[in-house]
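Note on naming: letters A, B, ... go to the chains in the order of the sequence lines (proteins, then strands), and numbering restarts at 1 for each one.
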Number of protein chains: 2
Amino acid sequence: MTTPPPALAWSTDNCTVGRAMEVLGERWTFVVLREVFNGVRRFEDMRRHTGMPRQVLTDRLALLVDADILRRVPYREPGQRERHEYRPTDKGFDLYPVLVAVRHWGDRYLADPEGSPVEFEHVGCGAEVDVVLRCRDGHEVTGRRDVATRPGPGIVPFSG
Amino acid sequence: MTTPPPALAWSTDNCTVGRAMEVLGERWTFVVLREVFNGVRRFEDMRRHTGMPRQVLTDRLALLVDADILRRVPYREPGQRERHEYRPTDKGFDLYPVLVAVRHWGDRYLADPEGSPVEFEHVGCGAEVDVVLRCRDGHEVTGRRDVATRPGPGIVPFSG
DNA sequence: CTTGCTGAGTCTGTCAATCAGACCTAGGGT
DNA sequence: ACCCTAGGTCTGATTGACAGACTCAGCAAG
């Protein structure tokens, strides 16, 4: 009989992937982040540009601000009252590689035949930016078989 | 007045991030992928291990199989009838960097004080595997300011 | 050959989230 | 005094999440 996978013996209560998905794993969250990273930071702009429902946008923004991924920054156009725009915090900026990874995958498998609608370029050099896996000894990792999951310091045994 | 962000002039209809999130952007999808990548591939194992509702697991698996991210593979334990397990396809394997990126972010901001429950190690060398941004000329990209979004071949003007 | 166990589901009813569309509101312009 | 605009709230219908019970196929023990 096949041996059971070792991962079955580990609890998933403190799994950081699961926790991350509690905030990131709603249909529109990443779309909001995409907009913000692309410089679209105002409520009406985002709503018109993405076509998402007002209420959902309100909710998502509040959730992201609450999670300290975005922050509200006041601004004032001349002849307008003060309003707020949404900008990524440092914690939010650190999600950029996730966005790049998602876009990379989406471009490969989900793009229209003409190709990707947007590209990320390295400022100064102009070459396209990708995400790569690399170990801390500097080796680049290509095949999935070259990575193994092992328990870390926060591991908890599973009792289910 | 501030110039409007150029991204506002681009349509998001063919945005590959949005499309990717249609399949990835449900609360449990990534959790299922995490399990599968960690070697937990059978219905009951996943259900018990994650605590997710049967119906949702059924739905997510069907959706992922439908999207060609997982495939059902028959197996048979001795003295048992034939059953199926779920394994990533190539398209599914290519989501691994996304999972690593999410985990990396989650570990930094969401982990318990003891640390991350699991780590990814480079097989052979044993060092931890991270995700890094790099441009195709080989430069590593660190700051968010070093990346710009530009229109790609599949760009469509926005008319909203 | 009936009874029970197990993995992998389906069925049903409840409760929460999504969505579209209408309504509200504070400042500013005319 | 009235209208415009960005950024919301409120309302009701549809969809999704969830828990718990039920189903079903094949194998095994009695």
Side-chain angles (χ1 to χ4, degrees), chain A residues 1-5 8 12 18 21-32 35-36 39-67 70-87 160, chain B residues 1-5 8 12 18 21-32 35-36 39-67 70-87 160:
Chain A
M1 117 148 191
T2 40
T3 50
L8 259 184
T12 54
M21 287 334 270
E22 259 166 65
V23 53
L24 304 178
E26 319 252 356
R27 255 289 261 66
W28 292 105
T29 306
F30 257 83
V31 174
V32 170
E35 294 296 308
V36 171
V40 180
R41 300 191 167 146
R42 302 181 183 179
F43 191 93
E44 260 316 285
D45 287 346
M46 289 192 221
R47 205 198 56 75
R48 276 208 330 282
H49 197 226
T50 63
M52 67 193 286
R54 279 187 137 66
Q55 190 117 298
V56 178
L57 180 53
T58 310
D59 283 4
R60 276 321 83 103
L61 288 172
L63 190 118
L64 287 168
V65 168
D66 211 64
L70 300 182
R71 67 205 155 99
R72 298 178 97 224
V73 178
Y75 72 96
R76 179 187 286 261
E77 296 280 323
Q80 296 289 311
R81 93 182 115 131
E82 181 179 91
R83 301 181 189 284
H84 294 88
E85 61 179 18
Y86 296 86
R87 294 202 201 163
Chain B
M1 101 146 206
T2 41
T3 50
L8 258 186
T12 54
M21 290 332 272
E22 259 165 65
V23 51
L24 304 178
E26 320 251 356
R27 253 294 262 38
W28 291 105
T29 305
F30 258 82
V31 174
V32 170
E35 294 296 308
V36 171
V40 180
R41 299 193 168 144
R42 301 180 183 180
F43 191 93
E44 260 316 285
D45 287 346
M46 290 191 219
R47 206 197 56 76
R48 276 207 330 281
H49 197 227
T50 63
M52 70 193 286
R54 282 185 137 66
Q55 190 110 281
V56 179
L57 180 54
T58 310
D59 284 3
R60 274 330 83 136
L61 287 172
L63 190 117
L64 287 167
V65 168
D66 211 62
L70 299 182
R71 68 203 154 102
R72 300 178 95 224
V73 178
Y75 71 96
R76 178 188 287 261
E77 296 279 324
Q80 297 289 310
R81 93 182 115 132
E82 182 178 270
R83 300 180 190 285
H84 294 88
E85 62 181 16
Y86 296 86
R87 295 201 201 163

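Summarising the geometry, the separation between CZ on Phe43(B) and P on dT6(C) is reported as 17 Å, rounded to the nearest angstrom. For the pair Arg48(B) CZ and dG7(C) P, the interatomic distance rounds to 7 Å; values are reported in whole Å. The interatomic distance linking Arg42(B) (CZ) with dG7(C) (C1') rounds to 10 Å, in whole Å. Per the geometry, OH belonging to Tyr75(A) stands 11 Å off C1' belonging to dT5(D), to the nearest Å. Remark: C1' of dG7(C) and CZ of Arg41(B) are 18 Å apart, rounded to the nearest angstrom. If you take CG of Asp45(B) and P of dG9(C), they are 13 Å apart, rounded to a whole angstrom.
For dA6(D), the OP1/OP2 oxygens have no side-chain nitrogen or oxygen of Tyr86(A) closer than 4.0 Å. Within the structure, every side-chain polar atom (N or O) of Arg47(B) is placed at least 4.0 Å from both OP1 and OP2 of dA19(D).
In this structure a side-chain-to-backbone donor-acceptor pair under 3.5 Å is present from Thr12(B) to His49(A).
Applying the side chain to side chain contact (heavy atoms under 4.5 Å, CB included) test between Tyr86(A) and each of Met46(A), Glu35(A), Arg71(A) identifies Met46(A) as the sole match.
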* What's the verdict on side chain to side chain contact (heavy atoms under 4.5 Å, CB included) for Val73(A) and Arg41(A), showing C-alpha distance, side-chain angles and the deciding distance? -> CA-CA 10 Å; Val73(A) 178; Arg41(A) 300 191 167 146; over 6 Å; no
* Assess whether side chain to side chain contact (heavy atoms under 4.5 Å, CB included) is satisfied between Leu57(A) and Trp28(A), documenting all intermediate values. => CA-CA 8 Å; Leu57(A) 180 53; Trp28(A) 292 105; over 6 Å; no
* To do: Using the side chain to side chain contact (heavy atoms under 4.5 Å, CB included) rule, take Arg81(A) and Arg83(A) through it: C-alpha gap first, then chi angles, then the decisive distance, then the call.
  => CA-CA 6 Å; Arg81(A) 93 182 115 131; Arg83(A) 301 181 189 284; 3.1 Å; yes
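Taking the charged nitrogens against the carboxylate oxygens, Glu77(A) and Arg42(A) do have a contact shorter than 4.0 Å, which makes a salt bridge.
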* **Heavy-atom protein contacts under 4.0 Å, nucleotides 18-30 of chain C, coded B base, S sugar-phosphate only, - none** => SBS-B---BSSS-
